[in-house]
Amino acid sequence: MSEPVIAVHAGAGTYSDALRQHEAACRDALQAALESAGAALEDGQDAVAAVRSAVMAMESFALFNAGFGSALCADGSVEMSAAVMRGSDRAAGAVAAITRTKHPIVGAHALLDAPQVLMIGDRADEYAAARGADAWEPSMFVTERQRRRLEEREAGDSPGEHGTVGAVCLDSAGLLAAATSTGGRLGQPPGRVGDTPLIGAGTWADRTVAVSCTGEGEAFIRVGAARLLAALVEQGIALEAAAQTVLDEVHSCGGGGGLIAVDARGNVATPFSTEAMPRGVWRAGGNLTLELT
Ligand code: ASP
């Protein structure tokens, strides 16, 4: 038996005006995500259900860059990606560049026990819808706030990045799981896919550790960041030190960002190299910590 623990993040980035102005709402959204995941565990559901539930809650929150309220591509469209992984058997499901699935993490979860791991675009949306996932019109994901951010970016301002969401969990049976969901990078070319849905880059879970990454996806991909963390932990390196080594590697590939990780003993690491990374940790009994910077 393990002491269950859940950690969530809402993206590494700047301590932007939006974050400053909406601090309380962001904290509430993190808390709601942790509480829904905690309730799933208390209800007897497993770590996979818990991370799915946490990510769904954060995808619904317009200020986070996932699901409704995702960052816009250069042409004003929304393309979303998500992944989920179960540590016991390394089952994984992921979707990339989808435009219709209301909760991208539900689309990823629909693939968890399928023969294929990753599906993209319209076919992934259709696959999810055929398995009961709610679908929206693509325009329904676009918020006024993200339209303004794209305009600011086009005008040469840097509106700051944060908002990709992720969750990791160790449940009482010792199962580890990780999930991540994103709208990608503001102003990205349509078709660009970051680290989030790539198993071993932005998302990973095995029997030793569960990891969800956020930041400049290209650098996380080139480092194989999430899997690298698992390899270091397997070698006996303590979680915190291993997580820092991974971020150093990401930095040496020219990227900033952060990650959340939990190991099989219930240790949690939440390092980041940016100004802010809204995050929270839930432990059995409802003990919560929430931090933004
Ligand atoms: N890692 C995500 C990507 O590159 C973005 C983020 O975490 O902010 O698509």
Side-chain angles (χ1 to χ4, degrees), residues 7-16 18-19 26 30 55 58-59 61 63-67 69-74 77-85 94-99 104-105 108 118 120-121 141 145-146 149-150 153 158-168 178-204 211-229 243 246-247 249-251 253-261 270-279 292-293:
V8 296
H9 73 77
T14 54
Y15 186 49
S16 60
L19 188 53
C26 289
L30 292 171
V55 168
M58 293 187 285
E59 285 175 341
F61 182 60
L63 294 182
F64 293 161
N65 171 19
S70 282
L72 306 187
C73 296
S77 65
V78 164
E79 292 187 351
M80 303 166 289
S81 297
V84 59
M85 190 162 184
V95 290
I98 60 170
T99 59
I105 198 64
L118 170 64
I120 63 164
F141 294 94
R145 186 179 97 85
Q146 290 291 4
R149 293 181 77 229
L150 185 61
R153 185 177 183 274
S158 166
E161 294 280 351
H162 74 90
T164 290
V165 304
V168 294
T180 318
S181 180
T182 189
R185 310 285 296 179
L186 177 67
Q188 67 184 6
R192 178 261 180 192
V193 172
D195 58 317
T196 299
L198 302 185
I199 299 303
T203 307
W204 180 263
V211 194
S212 170
C213 300
T214 169
E216 289 167 64
E218 284 69 12
F220 282 81
I221 293 169
R222 287 157 62 212
V223 166
R227 180 65 184 96
L228 174 61
L229 176 56
V246 170
L247 287 194
E249 281 288 311
V250 169
H251 180 72
C253 275
L259 61 85
I260 55 172
T270 62
F272 53 102
S273 62
T274 51
E275 266 175 16
M277 185 177 78
R279 61 204 182 280
L292 300 182
T293 55

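For ligands, and for the atoms within them, numbers begin at 1 and follow the listed sequence.
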Using distance alone, decide if ligand 1 has a nitrogen or oxygen within less than 3.5 Å of any nitrogen or oxygen in Asp195.
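N/O-N/O distance under 3.5 Å: yes.
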Is any N or O atom of Thr164, backbone or side chain, closer than 3.5 Å to an N or O atom of ligand 1?
yes
Against ligand 1, does Gly11 come closer than 4.0 Å with any heavy atom?
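Contact check Gly11 vs ligand 1: negative.
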When you compare the side chain of Thr14 with that of Thr274, does any pair of heavy atoms fall below 4.5 Å?
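Contact flag for Thr274/Thr14 side chains = no.
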Can you confirm whether more than 12 heavy atoms, excluding those of Ile120, are under 6.0 Å from its CD1 atom?
no
Below 4.0 angstrom from a heavy atom of Gly184, which ligand 1 atoms are there? Numbered from 1 as shown, please.
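Answer for ligand 1: 9 (O).
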Options Gly215, Gly217, Ser81, ranked by nearest heavy atom to atom 2 (C) of ligand 1, top entry:
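Selected option, by shortest heavy-atom distance: Gly215.
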Side-chain (Thr182) to main-chain (Thr196) donor-acceptor, under 3.5 angstrom:
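No, the answer is negative, given that no donor and acceptor are paired below the 3.5 Å cut-off.
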Which residues pass the side chain to side chain donor-acceptor pair (under 3.5 Å) test with Glu59, sequence neighbours left out?
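In terms of side chain to side chain donor-acceptor pair (under 3.5 Å), with neighbours along the sequence ignored, Glu59 is linked to His103, Ser181.
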By side chain to side chain donor-acceptor pair (under 3.5 Å), which residues pair with Arg227, not counting sequence neighbours?
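Scan of Arg227 (side chain to side chain donor-acceptor pair (under 3.5 Å), adjacent residues dropped) gives none.
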Please classify the Arg192 to ligand 1 contact at 4.0 Å (heavy-atom distances, strictly less than): side chain, backbone, both or neither.
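The part of Arg192 near ligand 1 is the side chain, not the backbone.
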Under 4.0 Å, heavy-atom basis, I'd like to know which part of Thr214 is in contact with ligand 1: side chain, backbone, both or neither.
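Both the backbone and the side chain of Thr214 come within reach of ligand 1.
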SB check Glu249 Arg222 (cutoff 4.0 Å)
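Salt bridge between Glu249 and Arg222, a charged N being under 4.0 Å from a carboxylate O: no.
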